[in-house]
Amino acid sequence: MVVGDFAIELDTVVIGAGPGGYVAAIRAAQMGQKVAIVEKEYIGGVCLNVGCIPSKALISASHRYQDALNSTLFGVTTENVTLDFAKTQEWKQNEVVAKLTNGVEMLLKKNKVEIIRGEAYFNDANTMRVMTETSAQTYTFNNAIVATGSRPIEIKGFKFGERVLDSTGALNLQEVPESMVIVGGGYIGSELAGVYANLGTKVTILEGLPSILNGFDKDMVKLVEKNFKNQGVEIITDAMAKEAVVNENGVTVKYEAKGKEESLDVDYVLVTVGRRPNTDELGLESAGVKMTERGLVEVDEQGRTSVPNIYAIGDIVPGPALAHKASYEAKIAAEAISGEKVAVDYRAMPAVAFTNPEIASVGLTESEAKEQGLKVKATKFPLGANGRALSLNATDGFVRLVTTKEDNVIVGAQVAGINASDIIAELGLAVESGMNAEDIALTIHGHPSLGESVMDAAEAALGMPIHM
Ligand code: FAD
């Protein structure tokens, strides 16, 4: 191993190049800082390489396959539809993931961010080491933004391997399994259940809680469950996964449900029960950074840790583990280091599951608003009354606005249905800007569009719906 015998001085250093780290590095550079970013594995982090982006690529490919099989309703008949899954994977990797991650690398270079390859480890609050397999170099820094992300949790009895997959393994399968058990029906498990069910796999979800997609409103989850049922996906709730026994041709998954021991023989088991922050092998303690019992880094509203020149963002700080949260916190931290008076405000943080149909939520749900003592009402506009949804043959779903009774201020919204992930953006803007239902109702929406259902929901909230 080559060891650099002198320390290289850095101004601002970002550790981890995921949607938290690379955004922080670019924003800090834009604000005039001299920035270096350290990455041990892949530019783009989990999100671009083995998370958000590849999962959405597989979701869209699986929809294409379903459309090819099932379009007789529109007078389109297809014969001999085949699936070359290795080709699907090649497309996902080369045309989607590689293009995006190369693009991010170019953006970093264009913004004059120095890229340092290797694993960072703090010696103290102003010094770190970066190690590769063959070298180690010491750096000093003025400010650091830590954005090291998270990794899948491995549970007892389910050691990750060829048949017991984490999300990365499930995203990179080269064959479509005949059968698969998914332990954990959160959004990652439910999205991947959708992918493989669309591709023809017999999927069973084992969920420890009474319902999948915990955290989303029940009426949205019901739509997803209905679709899963139509596709033959079995959902076993209140189930405790016990052990995976790998055999020659697959794996036996043992679990307990309704007080009985059961088992399923399948090709693969995917375990998506949550993620653990990457804070355990970073030397944060040596730097004096305080952490919670779960290993999350404690930060203030600017992302500053207990050590004033060290910031933390993304999956390693409290809150939902979502890419857009990481990027949002990244900009706040980078601007705070540059002396701007900024602070995080999570009021309008969307949550989206790319299930079938998509479900999305922003701001408060009706029950959350009531818990906070707000006097609100919820108004639901069904996609069945939207012309564009009808023309897309996708009328399952709705737009719901949660508005104050007194002055119709939009404090939250939920969308279920096709493209809910995009429709929620307008409602995020409404929550963020404190708009009321009149502001939306008076906004002219293009016709025919799914977005019109937001306007229709606003009119309904005002008691003057045209299309309901
Ligand atoms: P990460 O993206 O995890 O990046 C951290 C980076 O730090 C990594 O590249 C890692 O190699 C590097 N690193 C770690 N330790 C060190 C070290 N010591 N030295 C140097 N480098 C280090 N979120 C959404 O918002 N929408 C989605 O649709 C979505 N889908 C997902 C699907 C899947 C299958 C998964 C697994 C996740 C998904 N997520 C989604 C979550 C999202 O990927 C994360 O919230 C996001 O990546 C967190 O960003 P981050 O910058 O905090 O960390």
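In each ligand, atom 1 is the first atom listed, and ligand 1 is the first ligand listed.
The 12-atom threshold is not exceeded at NZ of Lys34, counting heavy atoms of other residues, nucleotides or ligands nearer than 6.0 Å. Atom CD of Gln174 is surrounded by more than 12 heavy atoms from other residues, nucleotides or ligands within 6.0 Å. More than 12 non-hydrogen atoms from other residues, nucleotides or ligands lie less than 6.0 angstrom from NZ of Lys380. Within a 6.0 Å sphere centred on CD of Glu154, other residues, nucleotides and ligands contribute more than 12 heavy atoms.
For atom 26 (N) of ligand 1, the nearest non-hydrogen atom of the protein is Cys52 SG, 3.9 Å. In this structure, the protein non-hydrogen atom closest to atom 44 (C) of ligand 1 is Asp315 OD2, 3.4 Å. Closest protein heavy atom to atom 3 (O) of ligand 1: Val46 CG2, 3.1 Å. The protein non-hydrogen atom at the shortest distance from atom 22 (C) of ligand 1 is Lys40 CG, 3.6 Å. From the protein, the heavy atom lying nearest to atom 14 (C) of ligand 1 is Thr148 O, 3.4 Å. Atom 46 (C) of ligand 1 has its closest protein heavy atom at Pro19 CG, 3.8 Å. The nearest protein atom to atom 28 (O) of ligand 1, hydrogens excluded, is given as Lys56 NZ, 2.6 Å; this is a heavy-atom distance. Nearest protein neighbour of atom 11 (O) of ligand 1, counting heavy atoms only, is Glu39 OE2, 2.6 Å.
Looking at Ser167 against ligand 1, only its side chain comes within 4.0 Å, counting heavy atoms. If you look at Leu192 next to ligand 1, there are no close heavy atoms at all, none under 4.0 Å. Within the 4.0 Å heavy-atom criterion, the part of Ile188 lying near ligand 1 is the side chain and not the backbone. At a heavy-atom cutoff of 4.0 Å, ligand 1 is contacted by the side chain of Ile15 but not by its backbone.
With respect to the salt-bridge test (charged N to carboxylate O, under 4.0 angstrom), the residues Glu329 and Lys325 qualify. The residues Glu281 and Arg276 are annotated as not salt-bridged, no charged nitrogen and carboxylate oxygen being separated by less than 4.0 angstrom.
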TODO: Might you work through the salt bridge (charged side-chain N to carboxylate O under 4.0 Å, His left out) test for Lys56 and Glu358, ending with a clear yes or no?
DONE: CA-CA 12 Å; Lys56 267 78 248 177; Glu358 291 181 358; over 6 Å; no
- [ ] I would like to know whether Ser306 and Glu298 meet side-chain hydrogen bond (donor to acceptor under 3.5 Å, both in side chains); could you show each step before the answer?
- [x] CA-CA 7 Å; Ser306 53; Glu298 289 177 17; over 6 Å; no
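Contact atoms of ligand 1 toward Ser55: 32 (C) (distance under 4.0 Å to a heavy atom of the residue). For ligand 1 and Tyr187, the ligand atoms under 4.0 Å from any heavy atom of the residue are 23 (N), 29 (C), 30 (N), 31 (C), 38 (C), 39 (N), 40 (C), 41 (C). Against a heavy-atom cut-off of under 4.0 Å, Gly45 is close to the following atoms of ligand 1: 2 (O), 4 (O), 8 (C), 9 (O). Set against the non-hydrogen atoms of Arg275, the atoms of ligand 1 under 4.0 Å away are 36 (C). Close approach of ligand 1 to Gly118 (heavy-atom distance below 4.0 Å) involves ligand atoms 19 (N), 20 (C). Taking a cut-off of under 4.0 Å to the non-hydrogen atoms of Ser150, the atoms of ligand 1 that pass are 3 (O). If you number the atoms of ligand 1 from 1 as listed, the ones under 4.0 Å from a heavy atom of His324 come out as 25 (O). Close contacts of ligand 1 with Cys47, meaning ligand atoms under 4.0 Å from a residue heavy atom, involve 2 (O), 43 (O), 47 (O).
Judged by distance alone, the side chain of Asp280 and the main-chain N or O of Gly295 form no donor-acceptor pair under 3.5 Å. Listed for the Asp267 side chain is a donor-acceptor partner under 3.5 Å among the backbone atoms of Glu178. Judged purely by atom type and a 3.5 angstrom limit, Gln414 has no side-chain atom pairing as donor or acceptor with the backbone of Phe216.
Here the closest non-hydrogen pair linking Ile236 and Ala239 is O-CB, 3.7 Å.
Close N/O approach between Glu281 and ligand 1 is not found [any backbone or side-chain N/O within under 3.5 Å]. Among the atoms of Ala323, some N or O lies under 3.5 angstrom from an N or O of ligand 1. Residue Leu322 places at least one N or O, backbone or side chain, under 3.5 Å from an N or O of ligand 1. Where the criterion is an N or O separation shorter than 3.5 Å, residue side chain and backbone included, Gly314 fails it with respect to ligand 1. Polar contact check, Ile316 against ligand 1: no nitrogen or oxygen pair lies under 3.5 Å apart.
Closest to atom 50 (P) of ligand 1 by heavy atom, among Gly20, Pro320, Ser421, is Gly20.
For the residue pair Glu301 / Tyr346, no side-chain donor-acceptor distance below 3.5 Å is found, with atom types taken as modelled. Between Asp11 and Asn142, the side chains place a donor N or O and an acceptor N or O closer than 3.5 Å (distance only, hydrogens not considered). Donor-acceptor pairing under 3.5 Å is lacking for the side chains of Asn94 and Glu90. With hydrogens and angles left out, the side-chain atoms of Asn172 and Gln89 include no donor and acceptor closer than 3.5 Å.
Using a 4.0 Å cutoff on heavy atoms, Tyr121 does not count as a contact of ligand 1.
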